[in-house]
Undergrad: 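Just passing along the structure, written as structure tokens.
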Amino acid sequence: MSGRNTALTPPADAAAPVRHPDAPAPGELLGAHYEHCFGCGGSQPHGLHLQARAGDGVRVTAEFTVKPAHQGAPGLAHGGVLATALDETLGSLNWLLRVIAVTGRLETDYVRPVPVDTVLHLEAEVTAVAGRKIYCTAVGRIGGPDGPVALRADALFIEVKVDHFIDNGRPEEIQAAMADPDQVRRARAFEVNP
């Protein structure tokens, strides 16, 4: 995408992304990384309830339905909610790399309005990796997976250790997540975004 911020341009020596051998199979539903996540968690009454699926390579697809609670202007999705949907979809890519990473930068272009009750179809892919930096891109479409583009984003995620969350999160939630007897759910709680 021309005219983009150079912080989102991978360096010349960046490597092509490599899907982790233990990544979910293409088509597999990734599920919520944390039940209380605004983007994907089922315990958020006004959350996006975004559902992402593993794609081929280092790609994911996702969708969410814009509800009345997500509007900004009358009858239209709030731009911040749309950016959150892109961020959540991009963050799901880290599950295919099997790394813990947080959003370092997210640059969003709004191409057309997204009305309430619209199903937003999202697709994201990792384009390059350079050390702890993960470069990725996403697009959101309305009217179907091949419908007109409503928004797009470029992002930079930074790989972190679980200490990032333990040191910075609110102790009650950190302790509850760490005490979860389900090892997979416990690990996934610390997968994406701070």
Undergrad: List for me each residue that meets side chain to side chain contact (heavy atoms under 4.5 Å, CB included) alongside Val129, sequence neighbours excluded, and say none if there are none.
TA: Pro17, Val126
Undergrad: Which one of Leu151, Thr89, Leu50 satisfies the side-chain contact (heavy atoms from CB on, under 4.5 Å) criterion with Leu120?
TA: Leu151
Undergrad: Report the residues that fulfil side chain to side chain contact (heavy atoms under 4.5 Å, CB included) with Arg53, sequence neighbours left out, ordered by chain and then residue number.
TA: Leu29, Thr61
Undergrad: Once rounded to the nearest 0.5 Å, what's the spacing between atom CG of Asp87 and atom CG of Leu82?
TA: 12.5 Å
Undergrad: Counting heavy atoms not belonging to His20, are there more than 12 under 6.0 Å from its NE2?
TA: yes
Undergrad: Looking at Gln51, I want to see if its CD is surrounded by more than 12 non-hydrogen atoms of other residues, nucleotides or ligands under 6.0 Å.
TA: no
Undergrad: Between Arg19 and Val58, is there a donor-acceptor pair closer than 3.5 Å when you use the side chain of the first and the backbone of the second?
TA: no
Undergrad: With the side chain counted from C-beta on, respond yes when Thr84 and Leu86 share a heavy-atom pair under 4.5 Å apart, and no when they do not.
TA: no
Undergrad: Applying side chain to side chain donor-acceptor pair (under 3.5 Å), can you list everything that pairs with Arg141, at least two apart in sequence or on another chain?
TA: none
Undergrad: May I ask you to test the Thr103-Leu156 pair for a side-chain heavy-atom distance under 4.5 Å?
TA: no
Undergrad: Does the side chain of Ile100 come within less than 4.5 Å of Trp95's, by heavy atoms?
TA: no
Undergrad: Looking at every non-hydrogen atom in both residues, tell me the closest pair between Cys136 and Leu93 and how far apart they are.
TA: CB-CD1, 3.7 Å
Undergrad: Please report the shortest heavy-atom distance between Tyr135 and Pro11, naming the atom on each side.
TA: OH-CD, 3.4 Å
Undergrad: Search all heavy atoms of Gly47 against all heavy atoms of His70 and return the closest pair with its distance.
TA: O-NE2, 3.2 Å
Undergrad: Contact between Thr118 and Thr65 at the side-chain level, heavy atoms closer than 4.5 Å - yes or no?
TA: no
Undergrad: Tell me, yes or no, whether the heavy-atom count around Asp22 atom CG, taken from other residues, nucleotides or ligands under 6.0 Å, exceeds 12.
TA: yes
Undergrad: Do Leu96 and Pro24 come within less than 4.5 Å of each other through their side chains, counting heavy atoms only?
TA: yes
Undergrad: In the hydrophobic clustering (ILVMFWY, side-chain contacts below 4.5 Å, transitive), which residues join Val149, or is it alone?
TA: Val111, Val139
Undergrad: Run the side chain to side chain contact (heavy atoms under 4.5 Å, CB included) test against Val116 and tell me which residues pass, sequence neighbours left out.
TA: Val66, Pro68, Gln71
Undergrad: Show, in sequence, the C-alpha distance, side-chain angles and deciding distance for Phe157 and Leu90, and conclude whether the side-chain contact (heavy atoms from CB on, under 4.5 Å) test is met.
TA: CA-CA 9 Å; Phe157 278 74; Leu90 289 157; 3.6 Å; yes
Undergrad: Does the side chain of Pro148 come within less than 4.5 Å of Arg112's, by heavy atoms?
TA: yes
Undergrad: Atom NE2 in His46, atom CG in Leu48: separation rounded to 0.5 Å?
TA: 12.0 Å
Undergrad: Residues two or more places apart in sequence or in another chain: which of them pass side chain to side chain donor-acceptor pair (under 3.5 Å) with His121?
TA: Glu63
Undergrad: Group every Ile, Leu, Val, Met, Phe, Trp and Tyr by side-chain heavy-atom contacts under 4.5 Å, then state whether Leu76 and Val119 land in the same group.
TA: no
Undergrad: Run the salt-bridge test on Arg132 and Glu159 with the 4.0 Å N-O cut-off and return the result as yes or no.
TA: no
Undergrad: Closest approach of Gly104 and Ile158, non-hydrogen atoms and distance?
TA: CA-CG1, 4.3 Å
Undergrad: Strictly distance-based, threshold 3.5 Å: is any side-chain N or O of Tyr110 a donor or acceptor partner for the main-chain N or O of Gly79?
TA: yes
Undergrad: Taking the side chain as everything from C-beta on, heavy atoms only, tell me whether Ile142 gets closer than 4.5 Å to Val114.
TA: yes
Undergrad: Closest heavy-atom contact between Ala62 and Ala52?
TA: CB-CA, 3.8 Å
Undergrad: For a quick test of reading the model, state the closest non-hydrogen atom pair linking Ala54 to Val60 and the distance between them.
TA: CA-CG1, 4.3 Å
Undergrad: Please examine the side chains of Glu125 and Thr137, heavy atoms only from C-beta on, and report whether any two atoms are closer than 4.5 Å.
TA: yes
